Amino acid sequence: MERSVLFLFGLLTMVPFAGQNSTSAAFAQAALSGEKKDAKILVAYFSRVDENYGVGFVEKGNTQIIAEYIADYLKADSFHIRTVTPYPKNYRECTNVALEEQKKKARPALAEQIGNLKDYDIILLGYPNWWGDLPMAVYTFLESNDFSGKTIIPFCTHAGSGLSNTVKTIASKCPRATVLNGFAMSGQTAQNSQAAAKRDTLKWIDGIKLK
């Protein structure tokens, strides 16, 4: 939720966060190299419609656009992280609420829980960068589920901050998971240059050999 626009793109590498065990790391390497073709993949994402920075009012959130490219390409299941209480439609009002939640370390109630996370090996986790952090609803999602032994691959949309420290944050919340470096795309690119957004998203997926 910042004003400058920046596009970040890069291939993933393993991140040596403390707490990752060798078994989950070895599984991740095998799955991502294509040696384990039966790995089951989930695309879980938080995304907001209504007024977004630089793109006006939208019917599909920036992160949802990228999440759908990924899920369609990989033929993966998807889960939309939604809150019980919607955020304000107005962009500035939404940023104010998001900042207040961040200051209070709020954990907004989710409208739906995923009941079968245990069935998945790899989770691609998508979210917008809000005030240099994960939206608080993503904290709720991470703290409400057990990611032990799973591989988490973050991706985000942003207005200038890229991934910030969100990858480290996810690793700290999921110490028994293998968390990889992530992919970031500007919200304006996701909304206004969708052909380029899709091309670069799928190039990233191809680079980490999930298909």
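Keep in mind the model is a prediction, meaning the values are calculated, not measured.
- Looking at heavy atoms from C-beta onward, Trp130 lies in side-chain contact with Phe46 at the 4.5 angstrom threshold.
- Tyr127 and Val55 fall into different hydrophobic clusters, defined by Ile, Leu, Val, Met, Phe, Trp and Tyr side-chain heavy atoms under 4.5 Å apart, directly or through other members.
- Here the closest non-hydrogen pair linking Tyr69 and Ala197 is CE1-C, 4.0 Å.
- Results of the side chain to side chain contact (heavy atoms under 4.5 Å, CB included) test with Thr157 over Asn129, Ile65, Asn62 single out Asn62 as the only residue that passes.
- Between Thr169 atom OG1 and Leu142 atom CG the span is 9.5 Å, to the nearest 0.5 Å.
- Screening residues 93-103 for salt bridge (Lys or Arg N to Asp or Glu O under 4.0 Å) gives Glu100-Lys104 as the qualifying pairs, with residues at least two apart or on separate chains.
- In this structure, the separation between OG1 on Thr201 and CE on Met185 is 3.5 Å, given to the nearest 0.5 Å.
- In terms of modelled atom types and a separation under 3.5 Å, the side chain of Gln188 and the main chain of Ser193 share no donor-acceptor contact.
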Practice problem: Apply the test side-chain contact (heavy atoms from CB on, under 4.5 Å) to residues Phe183 and Ile153: give CA-CA distance (whole Å), side-chain angles for both, the deciding distance (0.1 Å), then the verdict. | Solution: CA-CA 8 Å; Phe183 172 73; Ile153 306 174; over 6 Å; no
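- When all heavy atoms of His80 and Ser47 are compared, the closest pair comes out as NE2-O, 3.5 Å.
- Within 6.0 Å of NZ in Lys40 there are more than 12 heavy atoms belonging to other residues, nucleotides or ligands.
- When hydrophobic clusters are built by joining Ile, Leu, Val, Met, Phe, Trp and Tyr residues whose side-chain heavy atoms come closer than 4.5 Å, directly or via intermediates, Tyr91 is not grouped with Val49.
- Using a distance-only test at 3.5 Å, with no hydrogens or angles considered, no donor-acceptor pair links the side chain of Lys150 to the main chain of Cys174.
- In this structure, the side chain of Arg48 does not engage the main chain of Pro86 through any donor-acceptor pair within 3.5 Å.
- Test Leu42, Thr151, Ile205 against Leu124 for side chain to side chain contact (heavy atoms under 4.5 Å, CB included) and you get one pass: Ile205.
- Ala67 pairs by the side chain to side chain contact (heavy atoms under 4.5 Å, CB included) definition with Val43, Tyr45, Phe155, not counting sequence neighbours.
- Rounded to the nearest 0.5 Å, atoms CG (Leu110) and OG1 (Thr83) are 7.5 Å apart.
- Taking 4.5 Å as the limit, some side-chain heavy atom of Tyr73 sits within range of a side-chain heavy atom of Asp206.
- Annotation: the span from Lys118 atom NZ to Asn145 atom CG amounts to 12.0 Å, rounded to 0.5 Å.
- Considering all non-hydrogen atoms of both residues, Val138 and Leu125 come closest at CG1-CD2, 4.2 Å.
- Contact record, Met136 with Ala106: CB-O, 3.3 Å, taken as the closest heavy-atom pair.
- We find the CG-CD1 distance between Leu210 and Ile41 to be 5.0 Å, quoted to the nearest 0.5 Å.
- Side-chain contact annotation: Tyr87 with Asp50, donor-acceptor N/O pair under 3.5 Å absent.
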Quiz prompt | From CA spacing to verdict: side-chain contact (heavy atoms from CB on, under 4.5 Å), Asn181, Leu163 | solution = CA-CA 9 Å; Asn181 268 333; Leu163 287 157; over 6 Å; no
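- Here Glu143 pairs with Arg107, Lys173 under the salt bridge (charged side-chain N to carboxylate O under 4.0 Å, His left out) rule; sequence neighbours left out.
- When all heavy atoms of Val167 and Pro154 are compared, the closest pair comes out as CG2-CG, 4.1 Å.
- Residues Cys94 and Pro88 share a closest heavy-atom pair of CB-O, 3.7 Å.
- Remark: the backbone N or O of Gly182 is not paired with any side-chain donor or acceptor of Trp204 at under 3.5 angstrom.
- Atom CZ in Phe141 sits 11.0 Å away from atom CD in Glu112 (nearest 0.5 Å).
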